[in-house]
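All chains are named by letter (A, B, ...) in the order of the sequence lines, taking the proteins before the strands, and each is independently numbered beginning at 1. Quick caveat: nothing in here was measured; it's all calculated off a predicted structure.
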Protein chains: 2
Amino acid sequence: MGGPAAGKQNKRVTITDVARHAGVSVAAVSKVMRNAYGVSPAMQEKVRAAIAELDYRPHAAARGMRGRTYTIGVLLDNVRNAFFADILDGIQEELRHGEYTVLIGAAGFDPEEQAKTIRALVDRQMDGLILIAPGTSRAEVLATAAATPTVVIGHHDSADTHDSVVDADDTGAGLVVDHLVSLGHRDIALVSAPGTRANQWKRTPETVLTAGYRAAMERHGLSGHMSVHHAAYSDDGGFKAGMTLLTAEQPPTAIMTGADVAALGIYRAAHELGLRIPDDLSLVGYNNTALAALAPVQLTSVDQAGHTMGSSAARMLIERVEGRRDRAMQTSMTPRLVVRASTTALRTD
Amino acid sequence: MGGPAAGKQNKRVTITDVARHAGVSVAAVSKVMRNAYGVSPAMQEKVRAAIAELDYRPHAAARGMRGRTYTIGVLLDNVRNAFFADILDGIQEELRHGEYTVLIGAAGFDPEEQAKTIRALVDRQMDGLILIAPGTSRAEVLATAAATPTVVIGHHDSADTHDSVVDADDTGAGLVVDHLVSLGHRDIALVSAPGTRANQWKRTPETVLTAGYRAAMERHGLSGHMSVHHAAYSDDGGFKAGMTLLTAEQPPTAIMTGADVAALGIYRAAHELGLRIPDDLSLVGYNNTALAALAPVQLTSVDQAGHTMGSSAARMLIERVEGRRDRAMQTSMTPRLVVRASTTALRTD
DNA sequence: AGAATCGCGTATAACGTTCTCCACTACGAA
DNA sequence: TTCGTAGTGGAGAACGTTATACGCGATTCT
């Protein structure tokens with residue numbers, strides 16, 4: 001007996017089972033679960049005992065129909081970006097000891113794919129969303145934020161519907177330029193991500209980084225030496241940009257990038273052209289990911305405190321979800337330069 | 001009018017709205033959504049038009065209560081492991097064009113935390129689960145698999161309740177040993193992850209890898225030269241193991257590891273001790289992640305075809321979810337050695 | 001011609017929660 | 001005594017979907 005073929009579901013323990021087992025009403029159990037008002041200590045104990053005994057866990061989908069799901073959704077384009085891993089760690093750490101679960105949607109770089117993923121998260125009734133540098137149109141994000149508490153990480157554009165966490169990328173670019181200039185470099189090129197893909201974001205990290213670069217170069221009287229190239233933040237993107245820059249008539253003596261991984265692509269290009277780092281070319285990454293610290297790599301980079309950004313974002317989001325704050329806010333972090341072996345004084349030969 | 005304070009939910013479009021708008025029953029719309037049997041072309045068209053017009057998207061939580069959620073949950077310990085990123089890419093690619101959404105739970109290394117995450121995924125009514133080298137007890141996984149279709153990636157233990165995708169790690173270890181022996185090495189050490197944490201898995205990737213190493217060493221008559229060290233698969237874990245091995249009385253001339261990132265920790269230790277790679281020490285990683293291919297790294301490694309493992313896992317899972325298969329199956333991939341600049345012939349001085 | 005079957009559409013009972021009301025008991029104040 | 005009111009517990013109506021069961025007209029089979 002007990003249909004063997006059925007295969008699935010040996011019957012979940014439901015709130016009704018708990019109620020029956022404890023000899024109380026379903027409503028009472030629900031109250032205890034949500035520690036709502038109007039429950040006597042005696043009731044508490046009885047119900048908790050029953051819950052423990054039956055190993056009851058609430059059914060999130062059912063919860064999602066009426067109340068909250070206790071789930072936070074995180075959107076990112078690519079798990080491979082180590083900087084995102086830092087952010088995730090921060091988010092997880094902040095939420096680990098609460099009752100929330102973090103679920104990650106890795107959407108890839110295609111804006112349409114990202115939009116689909118955002119919708120998927122919303123459809124699954126996430127209590128709140130953290131969007132890491134979304135490539136979707138701003139309008140789409142604003143629409144989402146109107147219905148679900150949302151924190152945007154990366155884009156400097158602020159809005160009164162969603163919270164933001166950013167890094168002062170302009171300052172970061174300044175740090176790098178200052179460092180390189182102090183080493184005697186003047187021909188300093190910047191490799192950053194391609195500009196906004198017509199998606200209405202005015203102040204993406206790239207844009208702000210580029211602005212910071214320009215400002216710093218001007219400050220040092222090097223306007224004539226500015227050179228900005230665009231490349232995807234990947235090994236391959238960096239490689240191509242590196243090839244172009246380094247085979248130009250007047251190649252730069254130093255290259256700074258918006259991402260460590262792109263810097264390593266440039267490293268490969270330099271290598272292939274017989275140039276040594278740092279003797280023939282100083283190279284600077286961004287984000288100070290684990291990549292940059294590897295023994296054979298030793299890349300000078302800018303630390304963005306991804307961990308802190310993540311935990312701030314999570315904290316801000318929960319405030320909103322739980323209704324403890326109803327006004328949008330922005331948090332900005334200050335970057336720090338980490339000098340390693342990939343930058344050195346300009347040879348004066 | 002239109003309460004401004006409320007803040008949230010401007011009312012979702014529901015299946016009822018669609019039904020009313022199309023002038024049909026709710027049941028009909030549901031049928032169209034699930035392309036179930038018993039719908040005329042005319043009905044199809046009418047309903048689809050209404051869906052498009054109202055931009056209707058089904059409410060996943062509500063779906064979860066009766067039927068499926070069209071969501072696949074993936075458990076992994078750490079997003080930072082580039083090999084997992086390969087697997088994820090494979091999963092996503094396989095599922096991208098279907099109707100399923102992939103949600104990732106990053107649980108960390110603590111088995112208890114992982115168990116919590118698995119439960120969270122089950123509570124959220126995932127249609128199927130992909131567990132990447134779970135650290136949870138085998139019993140827990142079997143219990144989960146009994147209720148939800150599950151694919152386990154990594155562990156070689158098979159069961160008739162869940163599917164498995166593995167790499168032939170023993171073969172992989174053999175490839176490395178053969179390669180190193182052919183270069184003249186005899187003192188070849190292995191650095192792999194610490195043994196099973198009393199969680200009932202008998203054939204974890206580490207175990208199988210170690211067995212392969214032992215077999216290969218014996219085959220070459222090098223039983224007396226075997227040396228196995230345990231270390232966490234992280235830069236730091238590798239560093240410590242490297243320090244121990246390389247400062248021993250009779251240091252190995254070649255070290256092979258179970259993960260690229262650990263190899264890079266050993267690289268750092270070697271560097272710190274003034275040893276050059278590959279001249280003073282040949283070093284081999286595992287998984288052939290993007291790390292190994294980086295220009296400054298150039299690590300010899302074993303390619304596991306993570307992408308393919310991911311897509312296989314996804315395909316197998318969907319078969320189960322959709323009931324097209326009711327017997328467990330295992331898939332095993334064959335690894336391939338990728339020789340780079342971190343291994344060279346033993347100096348005979 | 002009557003019976004059986006098929007094709008298509010609909011009504012409606014779940015599914016497991018949450019949360020608003022309502023009811024009841026005690027007790028203190030008027 | 002009567003009336004409030006604070007403190008508890010419970011009834012029951014949602015929530016949006018799926019899927020079973022059924023009805024009904026049209027076709028095919030004896």
Exercise for review: Give a yes/no on whether any side-chain N or O of A/Ser40 is located under 4.0 angstrom from OP1 or OP2 of D/dG7.
Suggested key: no
Review point. Has the side chain of B/Asp127 got a donor or acceptor atom that lies under 3.5 Å from a matching backbone atom of B/Ile72?
Key: no
Check your understanding: Any salt bridge between A/Asp123 and A/Lys116, counting N to O under 4.0 Å?
Key -> no
Check your understanding: Tell me: CZ of B/Arg57 to P of D/dT17, nearest whole Å?
Key -> 11 Å
Check your understanding: Given that both pair distances must be under 3.5 Å and the pair must be Watson-Crick or G-U, what runs of three or more consecutive pairs involve DNA chain D?
Key -> C:1-30 with D:1-30
Review point. C/dG16 C1' sits how many Å from A/Leu54 CG, rounded?
Key: 15 Å
Revision key, fill the gap. Sorted by position of nearest nucleotide on DNA chain D, 5' first, the leading residue of A/Gln44 and A/Val26 is A/Gln44
Practice item. Hey, could you give me the CZ/CG distance between A/Arg320 and A/Asp163, rounded to the nearest 0.5 Å? Key: 4.5 Å
Check your understanding: Given that B/Ala27 and B/Ala62 both sit by DNA chain D, which one's nearest nucleotide is further toward the 5' end?
Key -> B/Ala62
Review point. Does B/Tyr37 place a side-chain N or O at less than 4.0 Å from the phosphate oxygens OP1/OP2 of C/dG7?
Key: yes
Revision key, fill the gap. A/Lys31 NZ to C/dC21 C1', in whole Å, measures 10 Å
Practice item. Measure from the side chain of B/Met43, starting at C-beta and using heavy atoms only, and say which of D/dG16, C/dT10, C/dT17 lies closest. Key: C/dT10
Check your understanding: A/Asp17 CG to C/dC15 P: how many Å, rounded?
Key -> 11 Å
Study note, to complete from the structure: note: B/His59, atom NE2; D/dA14, atom P; distance rounded to Å ~ 17 Å
**Study point:** Side-chain ion pair, B/Glu112 and B/Arg119, N-O less than 4.0 Å
**Key:** yes
Practice item. Ignoring backbone atoms, test whether B/Ser25 places a side-chain nitrogen or oxygen under 4.0 Å from the OP1 or OP2 oxygen of C/dT10. Key: yes
Review point. What is the distance, rounded to the nearest whole Å, between atom CZ of A/Arg34 and atom P of C/dG16?
Key: 18 Å
Point to revise | Donor-acceptor pair between A/Arg124 and A/Thr71 side chains, under 3.5 angstrom | key: no
Check your understanding: Contact class for B/Met33 (heavy atom, under 4.0 Å): base, sugar-phosphate, or nothing?
Key -> nothing
Review point. Roughly, in whole Å, what's the span from OH in B/Tyr70 to C1' in D/dG16?
Key: 14 Å
**Study point:** Lys/Arg-Asp/Glu bridge criterion (N-O < 4.0 Å) met for B/Glu45, B/Arg48
**Key:** no
Exercise for review: May I ask you to verify if any side-chain N or O of B/Ser30 is less than 4.0 angstrom from the OP1 or OP2 atom of D/dA19?
Suggested key: no
Practice item. Please confirm whether any donor atom in the side chain of B/Arg66 sits under 3.5 Å from an acceptor in the base of C/dA14, or the reverse. Key: yes
Review point. Within the pair B/Tyr56 and D/dT17, is there a side-chain N or O less than 4.0 Å away from OP1 or OP2?
Key: yes
Check your understanding: Quick one: is C/dT18 close enough that its OP1 or OP2 comes under 4.0 Å of any side-chain N or O from A/Arg63?
Key -> yes
Practice item. Have a look at A/Leu131 and tell me which of A/Thr117, A/Ile118, A/Thr136 forms a side chain to side chain contact (heavy atoms under 4.5 Å, CB included) with it. Key: A/Ile118
Exercise for review: Before accepting this row, confirm whether a basic side-chain N of the pair A/Asp86/B/Arg80 lies closer than 4.0 Å to the acidic partner's carboxylate O.
Suggested key: yes
Revision key, fill the gap. From CD of B/Gln125 across to C1' of D/dT18 the rounded distance in Å is 13 Å
